[in-house]
Amino acid sequence: MKKCFNKKNLEKECFLIRKKILEIAYISGGGQHLGGGLSMIEIMAYLYGYKLNIDINNLTSITRDRFILSKGHGVLGFYPVLNYYGLIPDEIFKTYKTQYSELISHPIKNYNFGIESSNGSLGHGLSYGLGIAHGLKLKNISSHVYVLIGDGECNEGSIWEAAMSGSSLEIDNITLIIDYNKFQSDGATSEIINQRDLSKRWSSFGWNVIEIDGHNLDDINQAFNQISAKKIPKLILANTIKGKGIKFMENNNQWHHGRLTENIFHQAMEALDNDNVAY
Amino acid sequence: MLLTKNLSRQWCRIGPRGIYGQSLLEVAKGEKDIFAISADLGNSSGLDRYKHTFPERFLNIGIAEQNLVGFASGLSTLGFNVFISSFAPFITMRACEQVRLNLGYMKSNVKIVAIGSGLSMGFLGNSHFGLEDISIIRSIPNIPIICPCDCFEVYKAVEALSKYQGPAFLRLTGAPPTSIIYTEDYEFNIGESITIKEGNQILILSHGTILGNALKAVKKIEEEISCSFHLENVHTLNPIDEKVVNLIKNFSLIISIEEHSLIGGLSSIVSEIITNANLNNIRHVKIGLPPKFLKSGSYEQLMNEYDLSSDKIYKRLIEELKTKNY
């Protein structure tokens, strides 16, 4: 069931998913990692709405593509996407952040909903994804592994252990995406850890780096479809905007983890609608 | 594989690390999904022959323990039973959170093999000693802990783990020549302790290669005075066999002997059992390593220094017998 790439449709889906994010964040209440969830939506809609080879009726098929959310606090950019594309049923989605729910503020491995790994502590997902990718090759399965990490997450030493490993082991059935929104919990990434020339750092570790606008679906499509050199792992360095889609949240790190009051929720929905009058 | 008396003599001279590698090589011939990864300690794990025999089922991931654990866990999702080996502190502490999330929480089919645990690293010192590894792993749910008492048991444990689905921790202690406890094949099941010697007056619980020293001490005492020891090989520390709990309830003097910190290992396990069962009038003597950084020396010197040689265990037991008026 190969889907066609349809930019207009995906853009509309991004809008509808962002609505879902605001709604579930408001309904479930309390503090929410909104900024980093909103920055990854175009990439996630592209993956689940088009790119990933996943059969929603057979989520444990060994030949499925795998997606690992390494920046585990990004669940608001994850569960609503899985729900929108039919992997998480509505009645489960509604339980987000209720007691005993399987959907909490960080992913818990659950193949029934297409959640490949438990995360939350940063710097774990790339090693895990590389292990899967290596295993797929050993089993002669042509599936692809996608791992999403944050730029703040690149502070973790384990990310660089994995980076060395990916190129040394010539793992070329993996695509790493960095949601490069330039903020982390305490503020601007540039003010916390020097990550200048992040692209060069990764290419010096032997990765084929493609830097794009992570909100431009044409860019995204081109980057994901670009055939990499054999034996070299691929990295898509996606320049994104933290809080993307809700003007007053954009590049405002108060929304790294913030709470939607009734007023702010309505303002946010309005801001989102105003930017998407076409839909 | 046929386990014979001659083989046990050969193996005790090779030591647990070398026998781990040979055992994995042996079981990997039958179990096609076994995969071995090391963080640049493949040869130290006795895997040289394994990696030449099964190059497609071996990786040296580099000196990167965090990546080792995460990578192994990902690999295991494709149906591999992944054995990862490194020195005890590196794999339990450097990569502790990876172990917690990947093995404990996600229950990945990965077997940790902690080589050179206890004091067997001798002059390499505290950076390499495995003093706290049981304590650390035992506090993480879902990870069975297995501590073989001799080289045959290393083989039996590897064989059992090659068929076991889920995470586990294999702790290798001792330096060659290690004591010989078993000289022929026997039944080994994860979670089921084994009686080495039946007796009805004093219960000795032990694990790891130090058990050989305990056995020697016990034999000597029994030759000298009229006294009956029950010696139990508690090779699996997590979960603890119900049989061990029942044994504890049936003795008034219990002595735990282990090559591990007195915090968090068998000593603590026995204390917990006694407390949980509200057992009064039980004397529990804890023989183990003091909870501090230790001196270096040859393995033999260290056994003596920290009262774990068979002579020192003998003396300690005699003292206890005197206070108990046996």
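These numbers come from the heavy atoms of this one structure, side chains and all, not from hydrogens, waters or symmetry mates. First the proteins, then the strands, lettered A, B, ... as listed; each starts at 1.
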*Do you know which of A:Asn119, A:Leu138, A:Ile141 has the most heavy-atom pairs under 4.5 Å to chain B?*
A:Leu138
*At what distance, to the nearest 0.5 angstrom, does CG of A:Leu122 lie from CD of B:Glu97?*
9.0 Å
*asked:* Just verifying a value: how many Å separate B:Leu78 CG and A:Arg66 CZ, rounded to the nearest 0.5 Å?
replied: 5.5 Å
_Gap between atom CZ of B:Arg100 and atom OG of A:Ser118 - 0.5 Å precision_ = 11.0 Å
*Side chain, backbone, both or neither: which part of B:Leu59 has an atom under 4.5 Å from a heavy atom of chain A?*
side chain
*Which pair of heavy atoms, one from A:Ser158 and one from B:Gln98, lies closest together, and at what distance?*
CB-NE2, 4.0 Å
_Per-residue contact mode, A:Leu130 against chain B (heavy atom under 4.5 angstrom)_ = both
*Beyond-backbone contact of A:Ser117 with B:Met106, side-chain heavy atoms, under 4.5 angstrom*: yes
*Toward chain B: residues of residues 91-116 of chain A with heavy atoms under 4.5 Å*: A:Ile108, A:Lys109, A:Tyr111
*In Å, rounded to the nearest 0.5 Å, how long is the span from NE2 of A:His124 to OH of B:Tyr105?*
12.0 Å
*asked:* Please determine whether the number of non-hydrogen atoms from other residues, nucleotides or ligands lying under 6.0 Å from atom NZ of A:Lys231 exceeds 12.
replied: no
*asked:* One pair to check against side chain to side chain contact (heavy atoms under 4.5 Å, CB included): B:Asn67 and A:Leu126. What are the steps and the verdict?
replied: CA-CA 9 Å; B:Asn67 189 43; A:Leu126 183 54; over 6 Å; no
*Side chain, backbone, both or neither: which part of A:Ile159 has a heavy atom under 4.5 Å from chain B?*
neither
_Would you call the rings of A:His134 and B:Phe35 parallel, tilted or perpendicular, taking 30° and 60° as the class edges?_
perpendicular
*Counting only heavy atoms not in A:Asn53, do more than 12 sit closer than 6.0 Å to its CG atom?*
yes
_Does A:Arg64 have more than 12 heavy atoms from other residues, nucleotides or ligands lying within 6.0 Å of its CZ?_
yes
_Can you confirm whether more than 12 heavy atoms, excluding those of B:Lys29, are under 6.0 Å from its NZ atom?_
yes
*Quick one: OG1 on B:Thr77 to CG on A:Leu136, what's the gap to the nearest 0.5 Å?*
7.0 Å
*Greatest number of heavy atom pairs closer than 4.5 Å to chain A - which of B:Ala72, B:Ser76, B:Gly70*: B:Gly70
_Distance (rounded to the nearest 0.5 Å) between A:Lys137 NZ and B:Leu75 CG_ = 13.0 Å
*Any side-chain heavy atom of A:Tyr128 within less than 4.5 Å of one from B:Leu101?*
no
*Checking B:Asn60 against chain A: side chain, backbone, both or neither under 4.5 Å from a heavy atom?*
neither
